Every structure is written in structure tokens, then in C-alpha cells.
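Reviewing the structure listed below.
As the structure is a computational prediction, the values presented were derived from the model and not from experiment.
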Amino acid sequence: MADVTIFHNPRCSTSVAALDAAAAAGVAVDVVQYLKTPLDADGVRALLAKLEDAPTDLVRRDPNFARLGLTDADVATAEQVVEVLASHPEVMQRPVLVKGDRAIIGRPKGRVPEFLAD
């Protein structure tokens, strides 16, 4: 079993950097390409329960967010975040690293080595 799960988008340089950091640290990882195997509502809830960041931080405010007609008011609560991410995994922040009962968003990149070392 892997030490860390990384919710990964191979097209994201920050996500690729997290995989590189794990390899450099000798940490075994389970890579989940969340766009190919998206989390359902229960999976998002479980991730939020471990997340050390604010639930709303798990949502990317990028062009997809705007294209979907979403605003900050649509992701103000944890349950709203669950609904949005279960329906639109493309707006999930990446990478997300999970180790045991802890999870972080791997931004900025400098957070990742410290999390892996804990």
C-alpha cells in the first residue's frame, strides 16, 4: 500500500512537481487521475474531512469555473463544494495529497516536501 495518495492531473506542472517530490523523497504514491476517475459526493466529503485547507480552497477559480457560471457564493460551504466537485471534477484544485487522516492542496509547491516528510 502506498504511503501517499496524490490526486493528479498530468497536464498540470504543479501536480507533476508533486510526483517528482514524492519520488525524490522515496515516498510510495498511489496516483489518482481524478479527471479519469472522479470522486463521487461521498468521496469528496471524505477528502474534505481530511483536508487541512478550507473546503472552498479545493475549488479552482479558473476559466472552467467561470464557464460553468459559478461564483464564490456557489462554493461557500463544504456541502456546496461537495455538490460542485461531484458534478464538475475539472474545477478541483490539484494536486491534492492524502496521507493517513491528513490531506493538503499541494500549492504552493513548497508545501509538498514538508507534508511528505511529516
Exercise for review: Go through the structure and list residues passing side chain to side chain contact (heavy atoms under 4.5 Å, CB included) with R67, not counting sequence neighbours.
Suggested key: N64, E90

Point to revise | Distance, nearest 0.5 Å, that separates CG of D62 from CG of L68 | key: 9.0 Å

Review point. Out of curiosity, L97 CG to E52 CD, how far, rounded to the nearest 0.5 Å?
Key: 11.0 Å

What donor-acceptor contacts under 3.5 angstrom involve side-chain atoms of residues 105-118, with partners at least two apart or in another chain?
| residue | atom | partner | partner atom | Å |
| --- | --- | --- | --- | --- |
| R107 | NE | Q93 | OE1 | 2.9 |
| R107 | NE | R94 | O | 2.7 |
| R107 | NH2 | R94 | O | 3.3 |
| R111 | NH1 | D53 | OD1 | 2.8 |
| R111 | NH1 | D53 | OD2 | 3.3 |
| R111 | NH1 | I105 | O | 3.0 |
| R111 | NH2 | D53 | OD1 | 3.2 |

Side-chain donor-acceptor contacts of residues 21-39 below 3.5 Å, not counting sequence neighbours, with atom names and distances?
| residue | atom | partner | partner atom | Å |
| --- | --- | --- | --- | --- |
| Y34 | OH | M92 | O | 3.4 |
| T37 | OG1 | Q33 | O | 3.3 |

Exercise for review: Taking side-chain hydrogen bond (donor to acceptor under 3.5 Å, both in side chains) as the test, write out the residues that go with D74, two or more places apart.
Suggested key: T71

Exercise for review: Begin from the C-alpha positions of H8 and V16 and carry the test side chain to side chain contact (heavy atoms under 4.5 Å, CB included) through to its verdict.
Suggested key: CA-CA 8 Å; H8 174 64; V16 171; 4.0 Å; yes

Less than 3.5 Å apart, which donor and acceptor atoms pair up between the side chains of residues 40-49 and the rest of the protein, not counting sequence neighbours?
| residue | atom | partner | partner atom | Å |
| --- | --- | --- | --- | --- |
| D40 | OD1 | D42 | N | 3.2 |
| D40 | OD1 | G43 | N | 2.7 |
| D42 | OD1 | R45 | NH1 | 3.0 |
| R45 | NE | E79 | OE1 | 3.3 |
| R45 | NH2 | E79 | OE2 | 2.7 |

Check your understanding: V96 and V75: same hydrophobic cluster, using ILVMFWY side-chain contacts below 4.5 Å?
Key -> yes

Check your understanding: Looking at OG1 of T5 and NZ of K50, how far apart are the two atoms once the value is rounded to the nearest 0.5 Å?
Key -> 7.5 Å

**Study point:** Minimum heavy-atom distance Q80-A76, with the two atoms named
**Key:** OE1-N, 2.9 Å

Check your understanding: Residues two or more places apart in sequence or in another chain: which of them pass side-chain hydrogen bond (donor to acceptor under 3.5 Å, both in side chains) with T56?
Key -> R61

Check your understanding: What heavy-atom pair brings P95 and I6 nearest, and what distance separates the two atoms?
Key -> CB-CG2, 4.0 Å

